[in-house]
Novice: 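This is the structure I have questions about; it appears just below.
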Amino acid sequence: MPRKNREPTLEMRRHQLADGSTSQTWSVRFYDADGARRRRSFNTIEEAEFERARLALEQARGGTVPGLSQTGAENETGLTLAEFWPIWRADAATRLARSTLREYERLWDRRLRSRFGHLTLDAIRPRMISQWRSELLDSGVGPEATRYTMVLLQAMFTIAIEWGEATTNPVSVVRKPRQGRKRAVEPLSPDAVEQIRAVLLAGGHLRSATVVCVLAYAGLRPGEALGLAWRHVRAGTLLIEQAVNDGQLKLQKTNRVYRTVDLVAPLAEDREVWRATSGPAGTNDFVFPRADGTPWRTDDWNNWRHRHFDRATEQAGLGHPRPYDLRHSFASLLIREQRTSIVELAQQLGHAPTMTLNTYAHVFAEHRRAEPVAVVEWIARARAAATERTRGEDDQHPTSPPR
């Protein structure tokens, strides 16, 4: 006997590609009117979530759906967007990182509340969304900020449909500004990285110097570096399986279970110096903890960046790069060495190969006809030069106290 009235489910399926990489698609599994099991596939989780919510709503309408008419007519007596906001926020707080939730709260207060808050959910139409999008862009709001705000509004409507508070998602049919990098990445060379490291060491900031090297020579995202525990540090690799977001542990950005990164010899040496200096630590202790042993919060990271990293880059005459730019240095090193394939590089970065190629295509082009340079040798030469330069500056200013 066929099973009926079973709620639609969401599944993620991975597919092995010819180049050894994997891609993923999202599918919705449901029962049709005859009780047969069906599947619909989508390229993004947002599309799949919307379809699952739509099917769940159709299934619910076979009975009684609170707050909705059977004809799907405009529900002028339903919740307004402002009334639905605290309901959605309470649900989102169980699923989203605190930093993401804070950003959504800011977007709600600055761009959504005054424009749509007084309207009922089913009174908001795609034409209104399209006009609002154009006004944001015309007023100087960037494409990425506009897209992010539209993503928030679409997410609210997705949940509203699933809970029977709205009939359609007006944001889903309106084009969002194109997402993607507009400027080519500018990796810092080992010479620049070692200048930053030398300045930090001269100021007595061994921890900061080690953080810089982990970012530059292992290609970790800042949150992944802060999420490193000593059990993740192996003889020749780093195991990346978690990240820190405002003091909370989470999975990697791509939701992968783990990845490994080769540990180059200079970074292995820095690791040993830092471990010996920072004192005894258990295998589950963080490599770079707060004073109380807990993960860094957003304020800790911002303070470190402004007080240590930015000052060091200015003193080294490098302008104002971001700590995240050091991740591009790692990719550039492996590309210049010409021993790592795109697939292997993508695996170490935690990227899809297509994203790696799109991001670093110009770096590949710059180095494809150059002589290969061994990573360890390049770092060693840069480190020796930076050390010699720092000694020369100290000889010229012997009374300058360390910061």
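Only heavy atoms go into these numbers, but all of them, side chains included; no hydrogens, no water, no symmetry mates.
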Novice: How far apart are the C-alpha atoms of Val233 and Arg275, what are their side-chain angles, what is the distance that settles it, and do they pass the side chain to side chain contact (heavy atoms under 4.5 Å, CB included) test?
Specialist: CA-CA 11 Å; Val233 182; Arg275 186 161 197 170; 5.5 Å; no
Novice: Hey, does the side chain of Asn169 reach the backbone of Gln154 with a donor-acceptor pair shorter than 3.5 angstrom?
Specialist: yes
Novice: Which distance, rounded to the nearest 0.5 Å, do you find between the CZ of Arg368 and the CD1 of Ile335?
Specialist: 12.0 Å
Novice: Would you say that Ile240 contacts His232 through its side chain, given a criterion of any heavy-atom pair below 4.5 Å between the two side chains?
Specialist: no
Novice: Show the numbers, then the answer: is there a side chain to side chain contact (heavy atoms under 4.5 Å, CB included) between Arg259 and Gln347?
Specialist: CA-CA 7 Å; Arg259 75 179 192 272; Gln347 289 172 342; over 6 Å; no
Novice: Please assess Glu135 against Arg115 for the test salt bridge (charged side-chain N to carboxylate O under 4.0 Å, His left out), listing each intermediate value before the final yes or no.
Specialist: CA-CA 11 Å; Glu135 290 173 357; Arg115 184 59 180 267; 2.5 Å; yes
Novice: Compare all side-chain heavy atoms of Val171 with those of Trp132 and state whether any distance is below 4.5 angstrom.
Specialist: no
Novice: For Leu215 and Leu220, work out which heavy atoms get closest and say how close.
Specialist: CD2-O, 3.4 Å
Novice: Can you give me the closest heavy-atom contact between Pro295 and Gly247, atom names plus distance?
Specialist: CG-O, 3.8 Å
Novice: Stepwise, does the salt bridge (charged side-chain N to carboxylate O under 4.0 Å, His left out) test hold for Glu194 with Arg197?
Specialist: CA-CA 5 Å; Glu194 290 303 321; Arg197 175 180 177 272; 3.6 Å; yes
Novice: For Glu11, does the CD atom have more than 12 heavy-atom neighbours from other residues, nucleotides or ligands under 6.0 Å away?
Specialist: yes
Novice: Show your working on side chain to side chain contact (heavy atoms under 4.5 Å, CB included) between Leu334 and Glu344 and close with a plain yes or no.
Specialist: CA-CA 10 Å; Leu334 295 187; Glu344 292 170 333; over 6 Å; no
Novice: Does some side-chain heavy atom of Tyr148 sit less than 4.5 Å from a side-chain heavy atom of Leu107?
Specialist: yes
Novice: Under a 3.5 Å distance rule, please check whether Arg98 uses its side chain to pair with a backbone N or O of Asp246 as donor and acceptor.
Specialist: yes
Novice: Do side-chain atoms of Arg133 reach the backbone of Arg175 as a donor and acceptor pair under 3.5 angstrom?
Specialist: yes
Novice: Just by distance, do the side chain of Asp122 and the backbone of Thr167 share a donor-acceptor pair under 3.5 Å?
Specialist: yes
Novice: Nearest 0.5 angstrom please: Leu201 CG to Thr387 OG1, how far?
Specialist: 8.0 Å
Novice: Do the side chain of Arg369 and the main chain of Glu366 share a donor and acceptor less than 3.5 angstrom apart?
Specialist: no
Novice: Regarding Arg29 and Thr9, do their side chains bring together a donor and an acceptor under 3.5 Å, going by distance alone?
Specialist: no
Novice: Tell me the closest heavy-atom pair linking Leu119 and Met128, and the distance in Å.
Specialist: CD1-SD, 4.1 Å
Novice: Once you measure the plane-to-plane angle for His351 and Tyr360, does it fall in the parallel (<30°), tilted (30-60°) or perpendicular (>60°) bin?
Specialist: parallel
Novice: If I take atom CD from residue Glu314 and atom CD1 from residue Ile196, how far apart are they, to the nearest 0.5 angstrom?
Specialist: 11.5 Å
Novice: Is there a donor-acceptor pair closer than 3.5 Å between any side-chain N or O of Gln195 and the backbone N or O of Leu318?
Specialist: no
Novice: Between Asp292 and Thr294, do the side chains contain an N or O donor and an N or O acceptor separated by less than 3.5 Å?
Specialist: yes
Novice: Can you confirm whether Arg339 is buried at CZ, in the sense that more than 12 heavy atoms of other residues, nucleotides or ligands lie under 6.0 Å from that atom?
Specialist: no
Novice: Sub-3.5 Å donor-acceptor pair from the side chain of Asn302 to the main-chain atoms of Asp299, do we have one?
Specialist: no
Novice: I want to check a possible cation-pi pair here: Arg207 against Trp274, using under 6.0 Å from ring centre and within 45° of the ring axis as the test.
Specialist: no
Novice: Within a strict 4.5 Å, meaning less than it, do heavy atoms of the Glu337 and Val373 side chains meet?
Specialist: no
Novice: To the closest 0.5 Å, what do you measure between OH (Tyr31) and CZ (Arg37)?
Specialist: 4.5 Å
Novice: In terms of heavy-atom contacts, does CZ of Arg39 have more than 12 from other residues, nucleotides or ligands at under 6.0 Å?
Specialist: yes
Novice: With a 4.5 Å cut-off on side-chain heavy atoms, are Ile87 and Trp163 touching?
Specialist: yes
Novice: Calculate, to the nearest 0.5 Å, the distance between atoms CZ and OG belonging to Phe288 and Ser278 respectively.
Specialist: 9.0 Å
Novice: Does a side chain donor of either Arg231 or Asn284 reach within less than 3.5 Å of an acceptor in the other side chain?
Specialist: yes
Novice: Which pair of heavy atoms, one from Gly293 and one from Phe286, lies closest together, and at what distance?
Specialist: O-CD1, 3.6 Å
Novice: Run Ile129 and Phe116 through side chain to side chain contact (heavy atoms under 4.5 Å, CB included) and show every step you take.
Specialist: CA-CA 9 Å; Ile129 303 298; Phe116 299 113; 3.9 Å; yes
Novice: Would you say Glu224 and Arg221 make side-chain contact, with heavy atoms under 4.5 Å?
Specialist: yes
Novice: Mind checking the CG-CZ spacing from Asp91 to Arg89? Nearest 0.5 Å is all I need.
Specialist: 11.5 Å
Novice: Where do Thr210 and Asp270 come nearest, in terms of heavy atoms and distance?
Specialist: CG2-O, 4.3 Å
Novice: Please answer whether the main-chain N or O of His205 pairs with a side-chain N or O of Ser208 as donor and acceptor at a distance below 3.5 Å.
Specialist: no
Novice: Are the side chains of Val28 and Leu10 in contact, using a 4.5 Å heavy-atom criterion?
Specialist: yes
Novice: Does Gln248 have more than 12 heavy atoms from other residues, nucleotides or ligands lying within 6.0 Å of its CD?
Specialist: yes
Novice: Between Tyr217 and Pro190, what is the shortest heavy-atom contact and its length?
Specialist: OH-O, 4.0 Å
Novice: Determine, step by step, whether Glu144 and Arg147 satisfy the salt bridge (charged side-chain N to carboxylate O under 4.0 Å, His left out) criterion, reporting the C-alpha distance in whole Å, the side-chain angles of both residues, the deciding distance to 0.1 Å, and the verdict.
Specialist: CA-CA 5 Å; Glu144 185 62 20; Arg147 189 191 69 82; 2.9 Å; yes
Novice: For a 4.5 angstrom cut-off between non-hydrogen side-chain atoms, does Arg305 reach Asp310?
Specialist: yes
Novice: Give a yes or no on whether the backbone of Ala281 and the side-chain of Asp285 come within a donor-acceptor separation of less than 3.5 Å.
Specialist: no
Novice: For Pro321, is there any backbone N or O sitting under 3.5 Å from a side-chain donor or acceptor partner on Asp325?
Specialist: no
Novice: Are Thr237 and Arg234 linked by a side-chain donor-acceptor pair shorter than 3.5 Å?
Specialist: no
